[in-house]
Amino acid sequence: MKKINFCAGPGIMPQSVLEKAAQAVLDFKGMGLSLLEISHRSRPFKDVLEGAQTLVKQLYGLDDAYEVLFLGGGASMQFCMVPYNLLPEKGTAAYVKTGVWADKASREARLFGEVAIVGSSEDRRYAYIPQYEASEAHAYLHITTNNTIYGTQLHDLPYDSPCPVVADMSSDIFSRPIKADQFGLIYAGAQKNMGPAGATLVIVRKDLLGKTGRKIPSMLDYSVHIANGSMFNTPPVFAIYCCYLTLQWIAERGLERIENDNRQKAALLYTEIDRNALFSGNVDAAARSLMNATFRTNIAEHHDLFRQFAAEAGCVALEGHRSVGGFRASLYNAMDLAGVSVLVDAMREFELKYG
Ligand SMILES: Cc1ncc(COP(=O)(O)O)c(C=O)c1O
């Protein structure tokens, strides 16, 4: 039986993408070769990479002021690449501390210049989105649009910021329409909403580059990757192909419908969390993430019981992050409403049995 996968990442992927990817591993486009054995510089793979880059720009309505890269190293590599490329030695970057990932990003930036924490929700274990403000004096403002571990999300994005905005969108990339042209740089590890682990999407406004006066090692220099068409070294070809297929899947639906579906799924689950006497949500209602719903059982002994109960209904990978505990249901784009309904039904039945 196909399980209903609520994993926070690597997470659920569309079934049609998995099937096409599996086929490409065996025989790519009838070439008599696997996708895994052809040159990344061959025309068939270049079509994949360029197709993925074009779809990213189309989905986010971006023009040639922006460049799209698919790099290795995960989102964590971007924690250092961003300040390496954008933060001058005597400059200050503004960071909003909304969780562990945001904190890690800011710590890396401190290796390159000054960091101002312009907002933090650490005082209440990251259960809300804090107020924050950046200024023209900041080299950039760094935000994490969705906090995968805690289950909070920025529902209001900082459009019209006085300085360029850099966003870690690892766990809500392409989950809703955004004004992408209001961002200086967007990055996201693919393994939640866009494909498998191994590829990291970077969308960068080119005019921001080359201004730090710092020498940058080639592999960490966005300009080098741009000059080489995102092929300075061998890119993660299989991960990029899966991203391409997923981007096509997203484009067929459109970001409005994707957002609408995501809202419906989240509403179904949060309504049940609030209604059911055996469960509570972890974070402030206004900050609740549409991507990662975090909750817990009100009675500690129910935790393992419910995990088992949900698993018997086919729902897996619901365990909360090890630093938070409780449960976390990740509702990425590829999760459908029927999958969430199975979880909600399991919660209702659990209440009938143990309430
Ligand atoms: C918001 C966010 N940023 C960064 C990361 C780190 O990503 P990676 O493992 O690709 O380095 C994660 C991983 O879950 C994440 O959720």
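Just follow the structure's listing: the first ligand is 1, and inside any ligand the first atom is 1. Because the structure is predicted, anything quoted here is derived from the model rather than measured.
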Do the side-chain N and O atoms of Arg296 and Asn282 include a donor-acceptor pair separated by under 3.5 angstrom? yes
Nearest non-hydrogen protein atom to atom 13 (C) of ligand 1, with distance, is Trp101 CZ2, 3.3 Å
Ignoring hydrogens and geometry beyond distance, is a side-chain donor-acceptor pair present between Asn262 and Ser175 at under 3.5 Å? no
Heavy atom of Gln191, distance to ligand 1 below 4.0 Å: yes
For Lys265, is there an ion pair with Asp261 - N to carboxylate O distance below 4.0 angstrom? no
Please identify which atoms of ligand 1 are closer than 4.0 Å to at least one heavy atom of Gly74. 10 (O), 11 (O)
Protein heavy-atom partner closest to atom 16 (O) of ligand 1 - residue, atom, separation in Å: Thr148 OG1, 2.5 Å
Would you please say whether a donor-acceptor pair under 3.5 Å links the side chains of Tyr140 and Tyr95? yes
Could you check atom 7 (O) of ligand 1 against the protein and tell me its nearest heavy-atom contact, residue, atom and distance included? Ala75 CB, 3.5 Å
May I ask you to check whether Glu19 and Gln15 show a side-chain donor-acceptor distance below 3.5 Å? yes
May I ask whether Asn147 has any heavy atom positioned less than 4.0 angstrom from an atom of ligand 1? no
N or O contact, Asn146 vs ligand 1, cut-off under 3.5 Å: no
Under a 3.5 Å cutoff, is there a donor and acceptor pairing between the side chains of His303 and Gln308? no
How about Asn292 and Tyr332: does a side-chain donor come under 3.5 Å of a side-chain acceptor? yes
Identify which of Asn292, Thr144, Asp168 has a heavy atom lying nearest to atom 3 (N) of ligand 1. Asp168
Among protein heavy atoms, which lies nearest atom 11 (O) of ligand 1, and at what distance? Ser76 OG, 2.6 Å
Under 4.0 Å to a heavy atom of Phe79 - the qualifying atoms of ligand 1, by number: 4 (C)
Of the side chain and backbone of Tyr187, name the one, both, or neither that has a heavy atom under 4.0 Å from an atom of ligand 1. neither
Just heavy atoms, cut-off under 4.0 Å: does Ile149 contact ligand 1 by side chain, backbone, both, or neither? neither
Joint hydrophobic cluster, Val166 plus Val115, side-chain heavy atoms closer than 4.5 Å: yes
Strictly by modelled atom types, are Asp168 and Gln78 linked by a side-chain donor-acceptor pair under 3.5 Å? no
Where on Lys192 is there a heavy atom closer than 4.0 Å to ligand 1, on the side chain, on the backbone, on both, or on neither? side chain
